Amino acid sequence: MDKKEIARTLEEIGTLLELKGENPFKTRAYHNAARTLEGLSDDLGLLVKEERLTEIPGVGVALAEKITELFKTGKLKYLENLKKEFPPGLPGLLCIPGLGPKKVKILFDRMEIHSLGELEYACKENRLLDLKGFGAKTQENILKGIEYTRKHQGSFRFDQAYETAEWILKAVQKMPGVLRASVGGSLRRRKEIIHDIDIVASARSGVEKIMDRFTRLSGVEEVLAKGETKSSLRIATGIQVDFRVVSDAEYPAALLYFTGNKEHNTAMRGLAKTQGLKLNEYGLFRGEKRIPLKSEEEIFEALGLAYIPPEIREAEGEIEWARKGKIPDLIEEKDIQGVFHAHSTYSDGTATIETMASAAQKLGFKYLGLSDHSQSAAYAGGLSPAKLKKQWAEIDELNRSLKGIKILKGIESDILADGSLDYPDEILKRFDFVIASIHSRFQMNEEAMTRRLIKALENPYTTMLGHKTGRLILGREGYALNVDKIIETAAKRKKIIEINASPHRLDMDWRYLKKARDKGVKFSINPDAHSPEGLKDTFYGVGIARKGWLIPADVINTMPLSQIESFLAKESPLS
DNA sequence: GCCGTTTTCGGCCCGACTGTTTTCAGTCG
């Protein structure tokens, strides 16, 4: 088992122990260790071999033994026994907002409810009302939660699907006879939620054998369909993979067809028709004769279009722009010069400032905008003024000794209920930048929440607005707010809006980026990193920025260090 | 479960909200 799988397993143990009603500090120890492990940059195999696991903070003798057993055997007796105590569906109930371990346990102990279906039925029968601690409101909220969970079944976050798609694609590319292969569909368009994985390949011959190999890939749970050119299967994580094999001459058109959204494809076919051509998944045809084209680029060219990057094939005007040759040069990962929004062990990050800085440097960044949590965020170890002073001294020291990377002093300040920031002005003015974010009091109505955010944006010390809606993809709806007013205020006050690059957030949503940009808003692509590994999430943010048609000039962290420093100084209320 | 030490146990983050209760338990971040 690798680091990630072990982290997931520890997470599972923590959850089961919560259901069991174990000491909350014990369950937290498992969750903490899982998080630390996931962000661990050391070679786990080496730590196991040298019996140095207990050097990892939060890992003691007991956890070290379990991690070792998992690493060596892929199994854990302790977990297997634990699992026997509960029906398999029970932990799934914890996905419902408002249902925690205590309530789930009551539902199971008193009513033997251990699946969504049973729970829904019991709610509809009003049977939850008799349970201690439950009432009409709870029942109503559970029903709403079930509906939400149902709506998103068969959905996966981009990063989950991407990881799976990458290894399947690699396996396909290695199969004998395969000439070209690519991921298609919504994954290639970098959508934040994915329903299935599309893989398109071309082959010279031996398609039958390729299909055989495909359906026998490791991790396949069920073969849903297997034909001469198309197969579908479901893999263990639950995601469906559709695989299409065509001839190499057909490949460009097939890839095009399996990438664009439906409306984009319809529009492309319509355009071809106006030119006396026919476009389908097998090629571009004049009459019955296929026009020989080697790539997607050549198809666009043959239709008189500039190349349209996959991310924007969403039927949002891109074909019109391509006809005019005006498709912008979208931002790329290599354009990013540095990143803001990173946490360290000062608050809830897993690594020291120094470790984070050298990890950032290894990724090619020239600056790291450190932003731990502010004092109100007790749940995340928010920084008291005294702790801040210590942190600033440490950063000054590191900036003297580190070469090639500069650490910028920032904070992720909670936006309090009344819209004010979390420190007095004399502290706020000492930061290089301030990210203002909401972490509590989500339930305000739209008007109050909008007012709260506007007040935060009007604060002269605010540099940028963090994760604008607080949504968690497939986990929680964002809070109610008036997007237009927020965009307007940000533009007027020259405040940056964060594109939170965590694959759990991807907030602000790409659908609003173009609009905000046109109003004059600038953005920052922020990894919201809680570990060195987390810095790489910048990749997901770039994808979302591309979906929003952004170019490097729209994104402040494409500026080199000297420029960003004078930019931050200029935006500061002190200047 | 971990951790630290005034070390082998006791503390571990805590405040706010919601929906239940009638003084508080559970959930959340």
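What you are looking at is a predicted structure, and each value in this text was computed from that prediction instead of being measured. The sequence lines fix the lettering, A, B, ..., with proteins before strands; numbering per chain opens at 1. Computed from heavy atoms alone, side chains included, the values below leave out hydrogens, waters and symmetry copies.
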*Asks:* Should K429(A) and D425(A) count as an ion pair when the cut-off is N to O under 4.0 Å?
*Replies:* no
*Asks:* Sticking with atom C1', work out how far dG1(B) lies from dT8(B), rounded to a whole angstrom.
*Replies:* 16 Å
*Asks:* With nearest nucleotides of DNA chain B determined for V61(A) and G135(A) from heavy-atom distances, which residue corresponds to the more 5′ nucleotide?
*Replies:* V61(A)
*Asks:* Please measure how far the C1' atom in dG19(B) lies from the corresponding atom in dG11(B), and state the result in whole Å.
*Replies:* 31 Å
*Asks:* From dG1(B), dG29(B), dG19(B), pick the nucleotide closest to the side chain of K137(A)?
*Replies:* dG19(B)
*Asks:* Got a sec, which pairs hit salt bridge (charged side-chain N to carboxylate O under 4.0 Å, His left out) with one end in residues 86-104 of chain A, sequence neighbours left out?
*Replies:* none
*Asks:* Considering only the C1' atoms, how many Å lie between dT18(B) and dG10(B), rounded to the nearest integer?
*Replies:* 32 Å
*Asks:* Between dC17(B), dG19(B), dG1(B), which nucleotide has the shortest distance from any of its atoms to the side chain of R441(A)?
*Replies:* dC17(B)
*Asks:* Using the P atom on both, measure dG26(B) against dT21(B) and round to a whole Å.
*Replies:* 12 Å
*Asks:* Salt bridge or not between D159(A) and R157(A)? Use side-chain N to carboxylate O under 4.0 Å.
*Replies:* yes
*Asks:* In terms of side-chain heavy atoms of T138(A), which of dG1(B), dG19(B), dG29(B) is nearest?
*Replies:* dG19(B)
*Asks:* Does a side-chain N-to-carboxylate-O contact under 4.0 Å join K485(A) and E446(A)?
*Replies:* no
*Asks:* dC13(B) and dC2(B): how far apart are their C1' atoms, nearest whole angstrom?
*Replies:* 15 Å
*Asks:* Does dC28(B) have its OP1 or OP2 closer than 4.0 Å to a side-chain nitrogen or oxygen of Y479(A)?
*Replies:* no
*Asks:* So, OP1 or OP2 of dG1(B): does either fall under 4.0 Å of a side-chain N or O from N32(A)?
*Replies:* no
*Asks:* Using a 4.0 Å cut-off on heavy atoms, which residues in residues 7-28 of chain A reach DNA chain B? List them by number, or say none.
*Replies:* N23(A), F25(A), K26(A), R28(A)
*Asks:* N/O contacts under 3.5 Å, protein versus nucleotides 24-27 of chain B?
*Replies:*
residue, atom, partner, partner atom, Å
dT27(B), OP1, G100(A), N, 2.6
dT27(B), OP1, G100(A), O, 3.0
dT27(B), OP1, K103(A), N, 3.0
dT27(B), OP2, K102(A), N, 3.2

*Asks:* How close or far is atom P of dC13(B) from atom NE2 of H439(A), stated in whole angstroms?
*Replies:* 18 Å
*Asks:* One thing to verify: whether D42(A) and R52(A) come together as a salt bridge, which I'm taking to mean a side-chain N less than 4.0 angstrom from a carboxylate O.
*Replies:* no
*Asks:* Do NZ/NE/NH1/NH2 and the carboxylate oxygens of E80(A) and K84(A) come within less than 4.0 Å?
*Replies:* no
*Asks:* Quick test of your reading of the model: are D396(A) and K409(A) salt-bridged, counting only N-O distances below 4.0 Å?
*Replies:* yes
*Asks:* Only counting residues at least two apart or in another chain, list the ones meeting side chain to side chain donor-acceptor pair (under 3.5 Å) with K26(A).
*Replies:* E22(A)
*Asks:* When both hydrogen-bonding distances must be under 3.5 Å and the geometry is Watson-Crick or G-U wobble, what is dT8(B) paired with, if anything?
*Replies:* none
*Asks:* Could you state the CG-P distance from D414(A) to dG29(B), rounded to the nearest angstrom?
*Replies:* 13 Å
*Asks:* Rounding to the closest angstrom, what is the interatomic distance between dT23(B) and dG29(B) at atom C1'?
*Replies:* 25 Å
*Asks:* Under 4.0 Å, heavy atoms only, any strand: does A136(A) hit a base, just the sugar-phosphate, or nothing?
*Replies:* sugar-phosphate
*Asks:* Name all residues meeting the side chain to side chain donor-acceptor pair (under 3.5 Å) criterion together with T450(A); count only those two or more places apart in sequence or in a different chain, and write none if there are none.
*Replies:* none
*Asks:* If you look only at distance, which donor and acceptor atoms sit under 3.5 Å apart when one is on a side chain in residues 128-143 of chain A and the other is two or more places apart or in another chain?
*Replies:*
residue, atom, partner, partner atom, Å
Q139(A), OE1, L128(A), N, 3.2
Q139(A), NE2, C123(A), O, 3.2
Q139(A), NE2, N126(A), OD1, 2.6

*Asks:* Using a 4.0 Å heavy-atom cut-off, does K66(A) contact any base of the nucleic acid, only the sugar-phosphate backbone, or nothing at all?
*Replies:* sugar-phosphate
